[in-house]
Engineer: 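A single structure is presented below for examination.
Keep in mind that this is a model prediction, so the values were computed, not measured.
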Amino acid sequence: MRKIITVLFLAAFCICSQAYSQTRADEQMKQAQENLAKKEYIKARYLFLQAYNAFSSQGKYDKAVECGVNASALYHRENYYKEAFELLRGAELLVTDGEQKSGKTMPALRFRINKERLQMYINLKNPARAKEQLAKLEETAKAARNDSLSNDLLYTQANYYYTFGMNSQGDAYINRLIGQYKEQKNYAKVDESYKTLIDIARKANNAGLVARTYDKYILWTDSVKALTAQDELNVLKQKYEESLATIQDKDDSLSAKQYIIIGLCVLAAILAAALVLAGIVLLRFVLLTRKQKKTIQIANEHNELKTQFIQNISGQMEPTLNTLDATQPGVRALKGFAEHIQELSELESTLSETYEMREININTFCESVMDKIKADLKPDITTTVNAPKLSVKTNPEQLERILLHLLNNAAEFTPEGGKIWLDFKKRGAHTHQFIVSDTGSGIPAEEQENLFKPFTEVKDLTQGDGLGLPICSLIATKMNGSLTLDSSYTKGCRFVLELHT
């Protein structure tokens, strides 16, 4: 009897413990989502990881994957890509284990994991690896046979092609999705598609796509009211025809004809009221659209005035600074700061203008740039150039300026006996990278987020104005490329300049 009681007690204890564990995991997931909404990203990531581990142990694969993907997104938001990829690999193994235990495939969960991995490769500007993940997404969406996943895939495909500048391919996928919704007369989804596309274009910094999509959206919103009114009119016409049929059927009854006539009058009044209402709504929407266009125009004018104002301040400082003793460190720092402000403003206002390009020999060019910093190196610092004898089309003056700035920074912060590398890597037919690495002190994590943003902190100008990297980043943008910090490199500092030809 005691053994039976003991067994029953242990069973009840296990059931209660499992229920508590599940409730605790749900609570952690809820708290993580609340912290995410408050933009408390570190707390949200910690709670998502706790919930992920709890759901994994309980075999709750769908919730575990949701928490794992959210935690991974928060990792790579802070450039912790190594941790993010490891977490996704663990989630993928968890799904594989669940498929083996259940004997059923879980393509929807694999789709979420691969989609997050794709987003990371897009953020890393790695089109080749991103393309591989896109192919996996197509396979999982096809296996799932789910309309929601198929539509999500079309958004993802459009995002990939727009991000890497292939606008025609991106248009093909988004137009396909919008066409499906139009056939279904799901106008709300069409509206949502245009808004999502505008958001994708903004994240990709594709101003042309934003303007083009916004114009299409305006045309659509102007026409959707007419389409809706036409549908309502068709319904009313159908009712009208049904009323006429009723009149025909009861033609021999005068009283019936009178009722039908009254009904037709009421129907005509409803039709007229509906048309008037539709006209009022359409007119109001047109007026609102014009107001929004005016607001955008005013905002653009204010931005141009701001840039002109900064340039004027910098120009007005120069005559006064020229009257001061240029040998004083503070005066030199102020003059350099004024010049940097002027250049920063000019770059921001001419981003759409490209530099003149010509062919150069990469090996000769890189060796020449490295030679220019050797006089400023500390004792026993080793310099290495890894660049093939290859011709590349670029703007050598602007390229040299960026590389010299990165190499001079490396020379300043690399101690005696350290190393500095300049590597060239070809990443595709039209993509190549220049990588500057050192074994210096590195950049603190709290400073990395604002590294390429000007005026983020008050500094002693004699110690540098902090505008060098923002200027280099804008020059890289004008060269159809990007300048980024490799946060996964922990032995010093590593910058990656990626250019597209």
Engineer: Would Asp26 and Lys63 pass as an ion pair if we require N to O under 4.0 Å?
Structural biologist: yes
Engineer: For Met106, does its backbone N or O pair with a side-chain atom of Glu99 as donor and acceptor, under 3.5 Å?
Structural biologist: yes
Engineer: Measure the shortest side-chain to side-chain distance between Lys453 and Asn450 over non-hydrogen atoms and say whether it is less than 4.5 angstrom.
Structural biologist: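 Counting from C-beta outward, Lys453 and Asn450 do come under 4.5 Å.
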Engineer: Which is it for Ser487 and Gln448 under the side chain to side chain contact (heavy atoms under 4.5 Å, CB included) test, yes or no, and what are the steps along the way?
Structural biologist: CA-CA 8 Å; Ser487 59; Gln448 293 180 8; 3.6 Å; yes
Engineer: In this structure, which one of Glu83, Glu40, Glu78 forms a salt bridge (charged side-chain N to carboxylate O under 4.0 Å, His left out) with Arg45?
Structural biologist: Glu78
Engineer: Please determine if Arg77 and Glu449 form a salt bridge, counting it only when a charged side-chain N lies under 4.0 Å from a carboxylate O.
Structural biologist: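 Salt bridge absent between Arg77 and Glu449.
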Engineer: Will you find, in the side chains of Gln119 and Asn123, an N or O donor that is under 3.5 Å from an N or O acceptor?
Structural biologist: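 Asn123 and Gln119 do have a side-chain donor-acceptor pair below 3.5 Å.
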Engineer: Report yes if some heavy atom in the side chain of Arg401 is under 4.5 Å from a heavy atom in the side chain of Cys472; otherwise report no.
Structural biologist: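 A side-chain contact is absent here, since even the closest heavy-atom pair is not under 4.5 Å.
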Engineer: Any heavy-atom pair between the side chains of Asn363 and Glu367 that's under 4.5 Å?
Structural biologist: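 Answer yes - side chains close enough.
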Engineer: Check the pair Glu27 / Arg24 against salt bridge (Lys or Arg N to Asp or Glu O under 4.0 Å), numbers first and verdict last.
Structural biologist: CA-CA 5 Å; Glu27 182 63 23; Arg24 178 61 176 163; over 6 Å; no
Engineer: Give every donor-acceptor pair under 3.5 Å between a side-chain atom in residues 428-435 and any protein atom, sequence neighbours left out.
Structural biologist:
{"unit_1": "Thr431", "atom_1": "OG1", "unit_2": "His500", "atom_2": "ND1", "d": "3.1"}
{"unit_1": "Gln433", "atom_1": "OE1", "unit_2": "Arg427", "atom_2": "NE", "d": "3.0"}
{"unit_1": "Gln433", "atom_1": "OE1", "unit_2": "Arg427", "atom_2": "NH2", "d": "3.3"}
{"unit_1": "Gln433", "atom_1": "NE2", "unit_2": "Glu498", "atom_2": "OE1", "d": "2.7"}

Engineer: Any chance you could measure Leu137, atom CG, to Asn114, atom CG, to the nearest 0.5 Å?
Structural biologist: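 CG of Asn114 is found 5.5 Å from CG of Leu137.
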Engineer: So, Ser56 side chain and Tyr52 main chain: donor-acceptor pair closer than 3.5 Å or not?
Structural biologist: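 Side chain of Ser56 to backbone of Tyr52: a pair is present.
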Engineer: Supply the atom-to-atom distance Glu359 CD to Leu390 CG, rounded to the nearest 0.5 angstrom.
Structural biologist: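 Glu359 CD to Leu390 CG: 9.0 Å, rounded to 0.5 Å.
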Engineer: Measure the CG-SG distance between Asp438 and Cys493 for me, rounded to the nearest 0.5 Å.
Structural biologist: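 Answer rounded to 0.5 Å: 5.5 Å.
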Engineer: Say whether Arg89 and Ser72, considering side chains only, have a donor N or O and an acceptor N or O under 3.5 Å apart.
Structural biologist: no
Engineer: Ignoring hydrogens, what is the shortest heavy-atom contact between Ile122 and Ala130? Give both atom names and the distance.
Structural biologist: CG1-CB, 4.2 Å
Engineer: Looking at CG of Asn126 and CE of Met120, how far apart are the two atoms once the value is rounded to the nearest 0.5 Å?
Structural biologist: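 Those atoms lie 12.0 Å apart.
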Engineer: How about Phe452: does its CZ atom have over 12 heavy atoms from other parts shown lying under 6.0 Å from it?
Structural biologist: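 Atom CZ in Phe452 is crowded, with more than 12 foreign heavy atoms closer than 6.0 Å.
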Engineer: Which pairs count as side-chain hydrogen bond (donor to acceptor under 3.5 Å, both in side chains) when at least one residue sits in residues 383-395, sequence neighbours excluded?
Structural biologist: Asn386-Asp423
Engineer: Can a donor-acceptor pair be found between the side chains of Gln157 and Glu138 at a distance below 3.5 Å?
Structural biologist: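 Yes, Glu138 and Gln157 have a side-chain donor paired with an acceptor closer than 3.5 Å.
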Engineer: Can you give me the closest heavy-atom contact between Gly440 and Pro415, atom names plus distance?
Structural biologist: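 For Gly440 versus Pro415, the nearest heavy atoms are CA-CD, 4.0 Å.
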Engineer: Do the non-hydrogen side-chain atoms of Tyr61 and Asp97 ever get within less than 4.5 Å of each other?
Structural biologist: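 Yes; the side chains approach each other to less than 4.5 Å.
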Engineer: Where is the tightest heavy-atom contact between Thr439 and Gly418, given as atom of each residue plus distance?
Structural biologist: OG1-CA, 3.4 Å
Engineer: Crowded around Glu397 CD? As in, over 12 foreign heavy atoms under 6.0 Å?
Structural biologist: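 Atom CD in Glu397 is crowded, with more than 12 foreign heavy atoms closer than 6.0 Å.
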Engineer: NZ of Lys426: more than 12 outside heavy atoms within 6.0 angstrom?
Structural biologist: yes
Engineer: Measure the CG-NZ distance between Leu94 and Lys60 for me, rounded to the nearest 0.5 Å.
Structural biologist: 13.0 Å
Engineer: Is there a side-chain contact between Arg129 and Glu132 (heavy atoms, below 4.5 Å)?
Structural biologist: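 In contact.
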Engineer: To the nearest 0.5 Å, how far apart are CZ in Phe495 and NE2 in His405?
Structural biologist: 7.5 Å
Engineer: Would you please test Tyr121 and Arg117 for side chain to side chain contact (heavy atoms under 4.5 Å, CB included) and show each step?
Structural biologist: CA-CA 6 Å; Tyr121 283 127; Arg117 192 178 282 128; 3.7 Å; yes
Engineer: Within the structure provided, determine whether Thr382 and Ile420 are in side-chain contact (heavy-atom separation under 4.5 Å).
Structural biologist: no
Engineer: Quick check: do Asn480 and Leu499 have side-chain heavy atoms less than 4.5 Å from each other?
Structural biologist: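 Side-chain contact under 4.5 Å: no.
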Engineer: Taking it one step at a time, do Phe424 and Val392 satisfy side chain to side chain contact (heavy atoms under 4.5 Å, CB included)?
Structural biologist: CA-CA 11 Å; Phe424 173 86; Val392 171; 4.0 Å; yes
Engineer: If you take all heavy atoms of Ala51 and Gln28, which pair is closest and at what distance?
Structural biologist: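 So the minimum-distance heavy-atom pair works out to N-OE1, 3.5 Å.
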Engineer: Under a 3.5 Å threshold, yes or no: a donor from one side chain and an acceptor from the other, between Tyr489 and Arg494?
Structural biologist: no
Engineer: Can you see which heavy atom on Phe365 is nearest to which on Leu399, and at what distance?
Structural biologist: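 Of all heavy-atom pairs spanning Phe365 and Leu399, the closest is CE2-CD2, 3.6 Å.
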Engineer: To check you understand the geometry: which heavy-atom pair defines the closest contact between Ile381 and Glu416, and what is its length?
Structural biologist: CG1-CA, 4.4 Å
Engineer: Does Thr414 form a side chain to side chain contact (heavy atoms under 4.5 Å, CB included) with Lys419? I'd like the steps, not just the answer.
Structural biologist: CA-CA 7 Å; Thr414 301; Lys419 296 180 180 180; over 6 Å; no
Engineer: Run through Val496, Leu422, Leu469 and flag the one making a side-chain contact (heavy atoms from CB on, under 4.5 Å) with Leu406.
Structural biologist: Leu469
Engineer: Heavy-atom count check: over 12 atoms from other residues, nucleotides or ligands less than 6.0 Å from Lys378 NZ?
Structural biologist: yes
Engineer: Under 3.5 Å, side chain of Thr364 to main-chain N/O of Asn361, donor-acceptor pair present?
Structural biologist: no
Engineer: Between Asn175 (side chain) and Asp171 (backbone), is there a donor-acceptor pair under 3.5 Å?
Structural biologist: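 It does hold such a pair.
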Engineer: Answer yes or no: is there a side-chain heavy-atom contact under 4.5 Å between His76 and Glu116?
Structural biologist: yes
